[in-house]
Engineer: 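This is the structure I have questions about; it appears just below.
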Amino acid sequence: MYGRNFGIEEARLLFDEMPDPDAICWTTLILVLTRNDHFEEALKFFYFMHKDYRLVADEFTFGAILMACSNLGRAKQGKQVHGKVLMSGIGANVFVESSLVDMYGKCGLVVDYRGVFDRMLKKNAVSWCVLLGSYCQNDEFKAVLKIFRKMEKESDMYSFGTVLRACAGLTVVRQGKEVHCQYLRRGGWRDVIVESALVDLYAKCGVIDYAQRLFAEVRVRNVITWNSMIYGFTQNGRGEEALMMFTNMVEEEGIMPNYISFIGVLFACSHISLVDQGREYFVSMSKEYTIEVGIEHYTCMVDLQGRAGKL
DNA sequence: ATAGGGTTAG
């Protein structure tokens, strides 16, 4: 109950009070941690449970631990967990196997995720979606489209974000439109993830005005939707509008920009030679927004000042 | 008590 409502501390305290927590209690705590993005801690507790308390992990435990490995990109640990899964005799569980595919996919191990997927006896929409996601994460966009075309009932609405991302990666606007239509035909409607992917797709394909019209119709926008639009203007040589979008996002909508927002903003400044304003944005990143300045931002600043003759 | 989707410099 606390874990589902961001009460990680409360969940921890209650767990510590338990006189003799069994494997289900431990697993519940691990699930709370993964659900709230505390992946390192989740792994720590797993090893604790396993090594110090000799409790037996089940499919729920392994699912959560594999999720932690996926999100941390820990291939080595993930493989070890895979070994434990095989030894435990619950290898043929659709949750665990889908998590394994996802783990190998997010770690970039193409042979492994394909191998696990091919050997799965039972597959469902999530398994197929994870496979698409794995190919997409490894820039195998053509494979994503090929598999998606062969899928019918196996796919559900979750697949569309990934497939649209693949179309954007290939800048194939015609196929992107087809997928867009298919999404609508299947009753897709007002999904912030799909709509963000659509804005990005059309912007990347150069149909920026259409992207803008679509963006205007979106009801629920989050920072990623805005980033897609901001970066879309930047990519299409419309830096002023990119900066206007950024201002709108922050001042009108009160949405906090993130690391990626500033890549679009600084790159926009570089394109329209706004050196001083670019510097101000660069400084405000850490001062006003407490966002860590990364290599991409420094690169934009080098570009910005280099283009302006300030070698 | 369980798994999956979207934004990123040169």
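Only this structure's heavy atoms are used, side chains among them; waters, hydrogens and symmetry mates stay out. Order of the sequence lines sets the chain letters (A, B, ...), proteins ahead of strands, with each chain counted from 1.
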Engineer: Reckon A:Lys204 touches a base, only the sugar-phosphate, or nothing at all at heavy-atom distances under 4.0 Å?
Structural biologist: sugar-phosphate
Engineer: Picking from B:dT8, B:dA9, B:dG6, which would you name as closest to the side chain of A:Tyr259?
Structural biologist: B:dT8
Engineer: Which part of the nucleic acid, if any, lies within reach of A:Val94 when heavy atoms closer than 4.0 Å are counted: base, sugar-phosphate only, or nothing?
Structural biologist: base
Engineer: If I take atom CD1 in residue A:Ile224 and atom C1' in nucleotide B:dT7, what distance separates them, rounded to the nearest angstrom?
Structural biologist: 5 Å
Engineer: For residues 46-59 of chain A, which residues have at least one heavy atom under 4.0 Å from DNA chain B?
Structural biologist: A:Asp58, A:Glu59
Engineer: Under 3.5 Å, is there a donor on one side chain and an acceptor on the other for A:Ser270 and A:Arg307?
Structural biologist: yes
Engineer: Among the nucleotides B:dT8, B:dG5, B:dG4, which one has an atom lying closest to any side-chain atom of A:Asp191?
Structural biologist: B:dG5
Engineer: Scan A:Ser270 against the nucleic acid and name what it touches under 4.0 Å (heavy atoms): base, sugar-phosphate only, or nothing.
Structural biologist: nothing
Engineer: For the side chain of A:Val126, starting at C-beta, report the closest nucleotide among B:dA1, B:dA3, B:dT7.
Structural biologist: B:dA3
Engineer: Ion pair present between A:Lys123 and A:Asp118, side-chain N to carboxylate O less than 4.0 angstrom?
Structural biologist: no
Engineer: B:dG4, B:dT2, B:dA9: which one has an atom nearest the side-chain heavy atoms of A:Asp102?
Structural biologist: B:dG4
Engineer: Base, sugar-phosphate, or nothing for A:Ala125, non-hydrogen atoms under 4.0 angstrom?
Structural biologist: base
Engineer: Separation of A:Met285 atom CE from B:dT8 atom P, in whole Å?
Structural biologist: 16 Å
Engineer: Record whether the side chain of A:Ser99 comes under 3.5 Å of the base of B:dA3 through a donor-acceptor pair of N or O atoms.
Structural biologist: no
Engineer: Determine, using the 4.5 Å side-chain heavy-atom cutoff (strictly less than), whether A:Ile30 and A:Phe6 are members of one ILVMFWY cluster.
Structural biologist: no
Engineer: Of the options B:dG5, B:dA9, B:dA1, whose atoms approach the side-chain atoms of A:Tyr158 most closely?
Structural biologist: B:dG5
Engineer: Compare side-chain N and O positions of A:Lys106 against OP1 and OP2 of B:dG5 and report whether any pair is under 4.0 Å apart.
Structural biologist: yes
Engineer: Among B:dA3, B:dA1, B:dT8, which nucleotide sits nearest the side chain of A:Met67?
Structural biologist: B:dA3
Engineer: Classify A:Thr27 by what it touches in the nucleic acid, base, sugar-phosphate, or nothing, heavy-atom distance under 4.0 Å.
Structural biologist: base
Engineer: Any salt bridge between A:Arg12 and A:Glu41, counting N to O under 4.0 Å?
Structural biologist: yes
Engineer: How many Å lie between CD on A:Gln182 and P on B:dG5, as a whole number?
Structural biologist: 20 Å
Engineer: Identify which nucleotide among B:dA3, B:dG5, B:dT2 has an atom closest to any side-chain atom of A:Ser98, counting heavy atoms from C-beta outward.
Structural biologist: B:dA3
Engineer: Looking at every strand, decide which applies to A:Val32 at a 4.0 Å heavy-atom threshold: base, sugar-phosphate, or nothing.
Structural biologist: nothing
Engineer: Output the rounded distance in Å from CZ (A:Arg165) to P (B:dG6).
Structural biologist: 8 Å
Engineer: What's the CG-P distance between A:Asn258 and B:dT8, to the nearest Å?
Structural biologist: 11 Å
Engineer: Does the aromatic ring of A:Phe60 sit over the six-membered base ring of B:dA1, closer than 5.5 Å centre to centre and tilted less than 30°?
Structural biologist: yes
Engineer: Considering non-hydrogen atoms only, spot the tightest contact between A:Arg165 and A:Cys136 and give its length.
Structural biologist: CG-SG, 3.4 Å
Engineer: So A:Val130, base contact, sugar-phosphate only, or nothing? Heavy-atom distance under 4.0 Å.
Structural biologist: sugar-phosphate
Engineer: Whole angstrom is fine here: how far is it from OH in A:Tyr113 over to P in B:dG4?
Structural biologist: 17 Å
Engineer: Can you tell whether the side chains of A:Lys106 and A:Asp102 come within less than 4.0 Å, N to carboxylate O?
Structural biologist: yes
Engineer: Using a heavy-atom cut-off of 4.0 Å across all strands, would you classify A:Met229 as base, sugar-phosphate, or nothing?
Structural biologist: nothing
Engineer: Find the distance A:Phe262:CZ to B:dT7:C1' and express it as a whole number of Å.
Structural biologist: 15 Å
Engineer: Rounded to the Å, how far apart are A:Asn222 CG and B:dG5 P?
Structural biologist: 15 Å
Engineer: Counting the atoms with a prime plus P, OP1 and OP2 as sugar-phosphate, which does A:Arg4 contact under 4.0 Å by heavy atoms, base, sugar-phosphate, or nothing?
Structural biologist: sugar-phosphate
Engineer: Hey, is A:Arg186 close enough to A:Asp156 for a salt bridge, meaning N to O under 4.0 Å?
Structural biologist: no
Engineer: Between B:dT8, B:dA1, B:dA3, which nucleotide has the shortest distance from any of its atoms to the side chain of A:Asn124?
Structural biologist: B:dA3
Engineer: What's A:Val194 touching, base or sugar-phosphate or nothing? Going by heavy atoms closer than 4.0 Å.
Structural biologist: base
Engineer: Considering only B:dA9, B:dG5, B:dA3, which nucleotide approaches the side chain of A:Thr162 most closely?
Structural biologist: B:dG5
Engineer: Between A:Arg74 and A:Glu40 (salt bridge meaning N to carboxylate O under 4.0 Å), is one present in this structure?
Structural biologist: yes
Engineer: To check you understand the geometry: which heavy-atom pair defines the closest contact between A:Ala203 and A:Gly232, and what is its length?
Structural biologist: CB-CA, 3.6 Å
